[in-house]
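Note that the structure is predicted; figures quoted are calculated from it, not measured.
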Amino acid sequence: MTAVILTAGLTASLNTSMPEASAAAVTPGALPSACLDADPKANAPRIVWANPKFVMGNMFLGLASVVSYAITAENEKADKVKEAVRRVAYCFPGYNVVIAQPHNGSTQHMTEAYFVTTIELSDTKYRVYVFKSGTFYQAGDLGYKNWGYNGYFTKSDDGRTVTFTTPPLPERRSGWSSGPQCEVTTRDRVDRTIYYSLYDGLSKDAQSRHVRALLNDVRTCFPNYNVMVMHDEQSHEWLSPPTSQVYASAFSMQDYDANDSTEVGRPSGVASRGRYDVHVFKTGTFHNMGDGGWNNWAFYGNFTRSSDGMTVAFTDPATADLTFDPMAGFADSNFDSDTPQYTSTANGPYPGCGYTGSVPGDRGELVRSLTTEYQKCFPDTNILVVKSIDQFSFGYLSNLKHLANVNGMTVFALDVGVVKNNGDGGWINWGFNGNYERDGDSTVYFTHGTPPGPPVPGPDPTGSVRVMVVGDSMSQGEEGDWTWRYRLSEWFREQGVDAEFVGPYKGTVPARAPGRKPPTLQGQLPEPEDKSTRFDGKYDQRMSFDDDEHFAMWGQQAAIVKNLIQYQVQQQKPDLILLGLGFNDLGWSVTDAQGTLDSTKTLVDEARKANPNIKLAIANVPQRTLLNVNRQLPDKTNDYNSRLAQAIPTWHTNQSPVKLVKWRENYDCGPTSCPAGYDGLHPNATGEYQIARAFTETLHNDFGYGTKPLDIPTTIPNRPTPTPAGVTAGEGPQGVTVNWNRVFGAHGYTVRSRLVGATTWNESRVQANRHETLSVKGLTWEYQVRTDNGDTDDQKSAWSPIRTATANPTAPAGPTGIITQPTATGFTITWGVPTNAGAIERYEVLYWDQDTPNAILSSTGIKGFSARIDGLKPNHRYIIAVASWNTTGSGVPNPARPIRVGTTTPTAPTGLQINSLDANTVQLTWTKNDTAAGYRVWTRDLTNGSPLTPSDQTFTEPTHGIAYLTSGFWNYEYCVTSINGTLESARTTCVTPTRPAGS
């Protein structure tokens, strides 16, 4: 059997009402292990038992790999069955396990049947059963070649009947305090041998599956603790050491002969062996200085994560409820897959059913007929018809019965269960009827009850509702905004709806403080950010908004919130979520349209884990004016909005309704103009009303709140835009600093400057009330400032009076003699010791990824004269510079040679062409070199015999213009080299242009 790779598409939660399973999804418990956990990175203060879709995704895709593919090297069938039983029992602690060849006459009566699937061992089919209790009868031959089992059981004298009793619930081991033995009685210790055949040092997917499996088993072994798994060859450190650490070990995941070691943090030097450190503890702060991704690290428990994702702070998790049983109450299931309950056709061609019509000859029509007629005959249950049991997997089964076999089709009835088709689809292979929801083409979730009817009635328009706004900058707002949240609260009050806004945050984002802080020194954490710097912004001074709790923040992404929403729903207990996310995912190329949709779906699923009855109004993404840095954004936005509109009806359930909010259609903003926004995206006072109306349309039309949607008034108050006062200009770190009094609610300012005597102004837009001018000492400048609240002239103030200052830089320029060298994961950099080293407080190494769209400039502080930067993207080019800091601020950075991470000396450029622009100016072009980080251009004046001389600058693109060739461009020789830090290629063949006729 081929190994199946676990995909992220199956990490979402159940979309339907399954009473028993829903209770399991929100109750603390000792997690069962499915060996390959789909996504164990829950950010919650407790261990939770995964819900059906989460667990079934693991079982369908993971178990076949662990049980079957992993043991194909075994020689004997009996040994394979023994090993398969061991592996399944390891994957599902607390359950009984049977693996048996199917035979006519065999029966399988199970209580609380958790999982049933078919595997192949030595080209022989076996069925895997995972359950709490039951009785199995084997009609075929006995012995391990035919069946094997594990658990709590007694056997009949002839060995054919085995009766299983419910295993005891897990308990904390008596006297346990720490060590390799598991904290709970259902598991002895972590067994890495389960995963040998899954690990592939050359495959990130295989490595990721491997690390997830290890993490899942460790947290099953120690349910009351946080868990950190880290590849030992990745740079990392504990910023605050782990407390109450009960287990620390190192696992070599691939080498059969390698012994587990308690020596963690010691690089093995053999990457192919996949050596990982494991820590089990209560509290601590961990920093990953290497690469991210599942293949390098994983963690679980109660934690918060830094904005860059590389620092994780753990706090003490809640005690797991080991007594909780998610399968309690699930009825008996008589699988009896080869022995149907009904066989007589005396009363019609469909056994057990009073159907008297003809049997369709076409198999697709037969399946349709069977699902329809058996639903009529068994109206209080669900019907499943399949061609081949062997291609299906079953889980969370309650009251499953094998009803009949009809013309090669098998008919089942069941109350509750999850069924996955692992083979071909279509009516000719399967069909179903009853109360169910379908996920894609292959998975069906059956629930007990009457088939779905029309939507449930809307809420009482005067009832009480807890509302949580989940969004980004457009939902949080900026100092001085009214916000659309306020306009929505006004509408609730006008409509008589008792709406309470809830969330972890209050307020808008405050105005930015002027100036830059010195960069954090390498190896140290940034100073903790005061919450007030992000959420203490005030609203428009003409209104009062006390009920302003929310879960919206500038820059927030669906890709991040999906991991936070379950905890926030648990804490804030909203009845209704108003969701406005996705712009930052698309705009910053975090994910594409499908990836953003997947994040939104996961967010819905995670919210439902905390509240199965949660209501969600999900907005599509608005357009914005076109940006040169992401010209594909309009198409990506349209693509996402189309996918979201198609997906939301499939996410909707009567228990947890989900409806679309048409933000894009109501908000007057697009690629060519944005009357509703002040900066091409963020809402002005009119836009706030438009967004609020979009939500009220959905709240009224789809959820029944209020008597009508919000009416947008004809007169909307303007934003105050006074001229800045208190403007001063004087010496500054880089030449001249201009300061002025902060204007409350200003979205920004425009500063214009010019040298005294010049007639043309240069304009710069700034966010805070300070402006720095880069200038050599002695030049005199003049300035004016205005408040800039938007793109149009009516949102700008008059200019302030002119202020004058003479430049006198107070901070040192960047160092000289900078040398860069690429490494496997980043680069090293050194620079010369300046004569004024004592005046420099620290240096700042700045680096920027040229090959990542919309990349953000990164920097780190250094006290010495060298640094090593790791954790960068392989084969990406980085531009590098170094600035000097003293007590007044930062001086002008000096550039260094660019590098390409993980590569060596580049090859020489090719295709050099010389194009003359005039007699003294040329433009050089050459073929882009994918091994180079940049280029140097070399020239030689042939009239005086001078040597080839390289340009002072390096260039990142394959073109360069040269002017002031006083001897005439044809009297020069030109060459190019490729560079990668200090590494440099041979020169191209040097080219001398042909002398133009008549010159």
Side-chain angles (χ1 to χ4, degrees), residues 472-474 476-484 508-516 533-534 537-542 554-555 583 587 622 624-629 667-690 716-729 732 734 736-754 758 760-774 781-805:
D472 50 30
S473 55
M474 299 187 75
Q476 183 188 5
E478 192 172 27
E479 178 189 82
D481 287 347
W482 296 81
T483 74
W484 69 262
T508 66
V509 66
R512 290 187 176 93
R516 288 182 62 214
T533 64
R534 304 192 72 172
K538 307 301 182 183
Y539 296 88
D540 190 290
Q541 294 175 323
R542 291 165 288 184
W554 278 67
F583 178 85
R624 67 148 299 139
T625 53
L626 193 62
L627 295 172
N628 288 329
V629 296
Y667 190 58
D668 190 8
C669 193
T672 57
S673 66
C674 188
Y678 63 83
D679 60 354
L681 173 64
H682 295 96
N684 54 32
T686 299
E688 291 168 348
Y689 269 110
Q690 292 178 354
I716 298 174
N718 292 323
R719 192 182 196 90
T721 310
T723 301
V727 180
T728 63
Q734 297 181 353
V736 177
T737 296
V738 183
N739 293 286
W740 57 95
N741 297 339
R742 184 171 71 87
V743 175
F744 177 83
H747 287 311
Y749 309 89
T750 300
V751 179
R752 65 180 185 180
S753 60
R754 64 186 178 187
T760 302
W761 292 97
N762 297 308
E763 294 187 0
S764 301
R765 195 172 190 279
V766 295
Q767 296 295 315
N769 53 318
R770 181 180 298 174
H771 173 70
E772 304 282 352
T773 296
L774 169 63
W781 297 79
E782 54 186 8
Y783 300 89
Q784 287 182 292
V785 185
R786 71 181 178 194
T787 303
D788 194 343
N789 279 334
D791 295 333
T792 57
D793 289 340
D794 62 335
Q795 298 178 85
K796 305 178 191 301
S797 75
W799 291 104
S800 69
I802 293 176
R803 295 290 183 265
T804 304

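Judged as a side-chain hydrogen bond (donor to acceptor under 3.5 Å, both in side chains), and not counting sequence neighbours, Q734 has no contacts. Applying the side chain to side chain contact (heavy atoms under 4.5 Å, CB included) criterion to A805, with sequence neighbours excluded, gives A729, V736. Evaluation of the side chain to side chain contact (heavy atoms under 4.5 Å, CB included) rule for L627 yields R624, V629 as partners, not counting sequence neighbours. With sequence neighbours left out, the salt bridge (Lys or Arg N to Asp or Glu O under 4.0 Å) criterion links R770 to no other residue. Annotation: ring-ring contact (aromatic ring centres under 6.0 Å, His included) contacts of H747 (sequence neighbours excluded): Y678. For the ring-ring contact (aromatic ring centres under 6.0 Å, His included) test, residues two or more places apart in sequence or in another chain that qualify with W554 are H682. Here T750 pairs with D788 under the side-chain hydrogen bond (donor to acceptor under 3.5 Å, both in side chains) rule; sequence neighbours left out. With sequence neighbours left out, the salt bridge (Lys or Arg N to Asp or Glu O under 4.0 Å) criterion links R512 to no other residue. Residues meeting the side-chain hydrogen bond (donor to acceptor under 3.5 Å, both in side chains) test with T737, sequence neighbours left out: E772. Legend: residues meeting side chain to side chain contact (heavy atoms under 4.5 Å, CB included) with N762, ordered by chain and number and at least two apart, are S753. Residues satisfying the side chain to side chain contact (heavy atoms under 4.5 Å, CB included) criterion with S797, sequence neighbours excluded, are T721, T723, P724, R786, T787. The side-chain hydrogen bond (donor to acceptor under 3.5 Å, both in side chains) check on N769 picks up nothing, with sequence neighbours excluded.
Side-chain N/O atoms of D794 and T792 include a donor and acceptor closer than 3.5 Å.
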Requested in this report: With side-chain contact (heavy atoms from CB on, under 4.5 Å) as the test, would you mind laying out the steps for W740 and H771 before giving the verdict?
Outcome: CA-CA 9 Å; W740 57 95; H771 173 70; 4.2 Å; yes
Requested in this report: Check the pair Y783, V727 against side-chain contact (heavy atoms from CB on, under 4.5 Å), reporting the backbone distance first and the verdict last.
Outcome: CA-CA 9 Å; Y783 300 89; V727 180; 5.7 Å; no
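C669 and G680 get closest at one heavy-atom pair: SG-O, 3.4 Å. Between G687 and P683, the shortest heavy-atom distance links the atoms C-CB, 3.8 Å. Among all heavy-atom pairs drawn from A768 and P514, the shortest one is CB-CA, 3.6 Å. Among all heavy-atom pairs drawn from Q541 and F744, the shortest one is CG-CE2, 3.4 Å.
The side-chain hydrogen bond (donor to acceptor under 3.5 Å, both in side chains) with Q784 is formed by just one residue from the set R803, E763, R752, R754; it is R752.
When side chains are defined from C-beta on, D472 counts as touching F583, because their heavy atoms get closer than 4.5 Å. Side-chain atoms of P720 and R542, non-hydrogen and from C-beta on, do get closer than 4.5 Å to each other. Side-chain contact between E478 and S473 is absent, with no heavy-atom pair separated by less than 4.5 Å.
T508 contributes no side-chain N or O that, together with a main-chain N or O of Y539, makes up a donor-acceptor pair within less than 3.5 Å. Under the 3.5 Å distance criterion, the side-chain polar atoms of R719 are left unmatched by any main-chain donor or acceptor of Q795. Not a single donor-acceptor pair under 3.5 Å links the side chain of Y749 to the backbone N or O of R742.
Expressed to the nearest 0.5 Å, how far CD of E688 lies from CG of D540 amounts to 8.5 Å. The CG atom of D791 sits 6.5 Å away from the OG1 atom of T625 when rounded to the nearest 0.5 Å. One distance of note links CD1 of I716 with CG of N684; it measures 8.0 Å at 0.5 Å rounding.
The environment of NZ in K538 is sparse: at most 12 heavy-atom neighbours from other residues, nucleotides or ligands sit within 6.0 Å.
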